[in-house]
Engineer: 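Structure below; questions to follow.
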Amino acid sequence: MDFSPLSDALASKSYGKLADICDQLMLQLAAEGVSFQDDWPYAIHLLALIYAGDINSVRFLWKSMPVTVKESNPEVIAAWKIGQKLWVRDYGGVYEAIRGYEWSQDAEGLVAAFSDLYTKKMFQLLQSAYSTISIQDTALFLGMSEDDVTTYVLQQGWVVDPASQMVTVKKHPIVTEQKLDASKLQSLTEYVFHLEH
């Protein structure tokens with residue numbers, strides 16, 4: 001089996017492409033009638049789907065795996081724990097699952113990239129959903145200690161009240177870029193001129 005496209009994507013840190021590469025390789029091998037179940041990089045495939053945010057596919061891949069892989073491969077089990085926590089929206093549990101396993105060299109970069117991506121996603125969620133939130137809850141959502149989360153949110157321009165242990169969320173204005181097309185402006189001008197005369 002040629003896993004070079006997968007290895008190349010991991011080496012170049014093209015994590016966004018991994019899920020598609022794994023899916024395509026799996027389909028290709030299945031179409032050729034090649035028995036691949038014992039040698040398939042299930043942990044990387046699960047983690048790639050998690051990185052892509054495709055939790056439904058994570059569940060389907062898990063269900064299709066041979067029982068021997070599910071029971072005997074600790075990295076597959078660790079990746080599945082992340083998927084389970086995401087499925088039930090256990091935000092703090094996602095970070096516990098990430099930190100709860102010593103990832104292989106191949107998976108380590110992918111897991112770290114997912115962790116960063118997930119933290120940014122959670123931060124944006126907090127920013128859009130809250131005007132104030134406790135430091136403790138913020139730490140849970142961002143998978144950090146209370147000291148680290150205090151430093152992090154201060155860097156983002158949020159206000160921390162040490163007495164009440166509350167954080168005031170700073171909303172960033174949504175900037176929409178309007179591009180003015182000269183031909184559209186000309187058409188609009190001609191239309192308005194026609195209406196007035």
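Note that the coordinates shown come from a computational prediction; the quantities given were computed from them, not determined experimentally.
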Engineer: For residues Ile82 and Phe114, determine if any side-chain heavy atom of one lies less than 4.5 Å from a side-chain heavy atom of the other.
Structural biologist: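 The answer is yes, as the side chains (C-beta and beyond) meet within the 4.5 Å cut-off.
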
Engineer: Among residues two or more places apart or on two chains, list those pairs meeting salt bridge (charged side-chain N to carboxylate O under 4.0 Å, His left out) that have a residue in residues 53-81.
Structural biologist: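 Of all non-adjacent pairs touching residues 53-81, none passes salt bridge (charged side-chain N to carboxylate O under 4.0 Å, His left out).
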
Engineer: So, for Ala48 and Ala19, which heavy atoms are closest and what is the spacing to 0.1 Å?
Structural biologist: CB-N, 3.5 Å

Engineer: Side chains of Leu110 and Trp103: closer than 4.5 Å at any heavy-atom pair?
Structural biologist: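 In short, these two side chains do not touch, never coming nearer than 4.5 Å.
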
Engineer: If every non-hydrogen atom of Leu86 is compared with every non-hydrogen atom of Val94, which pair is closest and at what distance?
Structural biologist: CD2-CG2, 3.7 Å

Engineer: Out of curiosity, Leu126 CG to Ile133 CD1, how far, rounded to the nearest 0.5 Å?
Structural biologist: 4.5 Å

Engineer: Taking all atoms of both residues into account, what is the closest heavy-atom pair of Gly83 and Ile50, and its distance?
Structural biologist: N-CD1, 3.7 Å

Engineer: Is there a continuous path of hydrophobic side-chain contacts, each under 4.5 Å between heavy atoms, that joins Leu47 to Ile77?
Structural biologist: no

Engineer: Looking at OG of Ser134 and CG of Leu140, how far apart are the two atoms once the value is rounded to the nearest 0.5 Å?
Structural biologist: 9.0 Å

Engineer: Taking side chain to side chain donor-acceptor pair (under 3.5 Å) as the test, write out the residues that go with Asp8, two or more places apart.
Structural biologist: none

Engineer: Does the side chain of Glu96 reach to within under 4.5 Å of the side chain of Asp90, using non-hydrogen atoms?
Structural biologist: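 Glu96 vs Asp90: side chains apart.
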
Engineer: Evaluate the side-chain contact (heavy atoms from CB on, under 4.5 Å) criterion for residues Leu61 and Met26: first the C-alpha distance (whole Å), next the side-chain angles of each, then the deciding distance (0.1 Å), finally the verdict.
Structural biologist: CA-CA 11 Å; Leu61 179 60; Met26 187 179 265; 3.9 Å; yes

Engineer: Can you confirm whether Ser131 sits close enough to Thr168 that some side-chain heavy atom of one is under 4.5 Å from a side-chain heavy atom of the other?
Structural biologist: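 They are not in side-chain contact.
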
Engineer: I'd like to know if Leu49 and Val88 are part of one continuous hydrophobic network [Ile/Leu/Val/Met/Phe/Trp/Tyr, side-chain heavy atoms within less than 4.5 Å].
Structural biologist: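 Cluster IDs for Val88 and Leu49 match.
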
Engineer: Taking side chain as C-beta onward, heavy atoms only, is Met65 less than 4.5 Å from Asn73?
Structural biologist: no

Engineer: Rounded to the nearest 0.5 Å, what separates atom CG in Leu117 from atom OH in Tyr15?
Structural biologist: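 Here the interatomic distance stands at 12.0 Å.
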
Engineer: Rounded to the nearest 0.5 Å, what separates atom OG in Ser7 from atom CD1 in Ile21?
Structural biologist: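 If we round to the nearest 0.5 Å, Ser7:OG and Ile21:CD1 are 10.0 Å apart.
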
Engineer: Rounded to the nearest 0.5 Å, how far apart are OG1 of Thr138 and CE of Met144?
Structural biologist: 10.0 Å

Engineer: Are the side chain of Gln127 and the backbone N or O of Lys170 linked by a donor-acceptor pair below 3.5 Å?
Structural biologist: yes

Engineer: From Phe3 CZ over to Leu29 CG, what is the distance, rounded to the nearest 0.5 angstrom?
Structural biologist: 6.5 Å

Engineer: State, with a plain yes or no, whether a side-chain heavy atom of Val76 is found less than 4.5 Å away from one of Leu46.
Structural biologist: yes

Engineer: Between Phe60 and Leu25, is there a shared hydrophobic cluster once you connect ILVMFWY residues whose side-chain heavy atoms come closer than 4.5 Å?
Structural biologist: no

Engineer: If you draw a 6.0 Å radius around OH in Tyr101, do more than 12 non-hydrogen atoms from other residues or ligands fall strictly inside?
Structural biologist: yes

Engineer: Would you please say whether a donor-acceptor pair under 3.5 Å links the side chains of Tyr152 and Thr119?
Structural biologist: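 Tyr152 vs Thr119: no donor-acceptor pair found between side chains.
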
Engineer: In terms of heavy-atom contacts, does CD of Glu102 have more than 12 from other residues, nucleotides or ligands at under 6.0 Å?
Structural biologist: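 Incorrect, the count does not exceed 12.
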
Engineer: Between Val167 and Thr132, does the side-chain contact (heavy atoms from CB on, under 4.5 Å) criterion hold? Intermediate values first, please.
Structural biologist: CA-CA 5 Å; Val167 177; Thr132 58; over 6 Å; no

Engineer: Would you say CD of Gln136 has more than 12 non-hydrogen atoms from neighbouring residues, nucleotides or ligands within 6.0 angstrom?
Structural biologist: no

Engineer: Evaluate the criterion side chain to side chain donor-acceptor pair (under 3.5 Å) for residue pair Thr150 and Asp147; output intermediate values, then yes/no.
Structural biologist: CA-CA 5 Å; Thr150 300; Asp147 290 339; 5.4 Å; no

Engineer: Establish whether Trp87 and Tyr91 are linked, either directly or via other cluster members, by ILVMFWY side-chain heavy-atom contacts under 4.5 Å.
Structural biologist: yes

Engineer: Shortest non-hydrogen contact from Gly16 to Tyr51?
Structural biologist: N-CE2, 3.6 Å

Engineer: So, do Trp158 and Phe123 have ring centers that fall under 6.0 Å from each other?
Structural biologist: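 Yes, the ring centres sit under 6.0 Å apart.
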
Engineer: Do Met166 and Phe141 share a hydrophobic cluster, counting only Ile, Leu, Val, Met, Phe, Trp and Tyr and linking them when any side-chain heavy atoms are less than 4.5 Å apart?
Structural biologist: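 Each belongs to a different hydrophobic cluster.
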
Engineer: Does a side chain donor of either Thr151 or Asp148 reach within less than 3.5 Å of an acceptor in the other side chain?
Structural biologist: no

Engineer: Count the heavy atoms of every other residue, nucleotide or ligand shown that sit under 6.0 Å from CD of Glu32, and state whether that count exceeds 12.
Structural biologist: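 Result for CD/Glu32: enclosed.
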
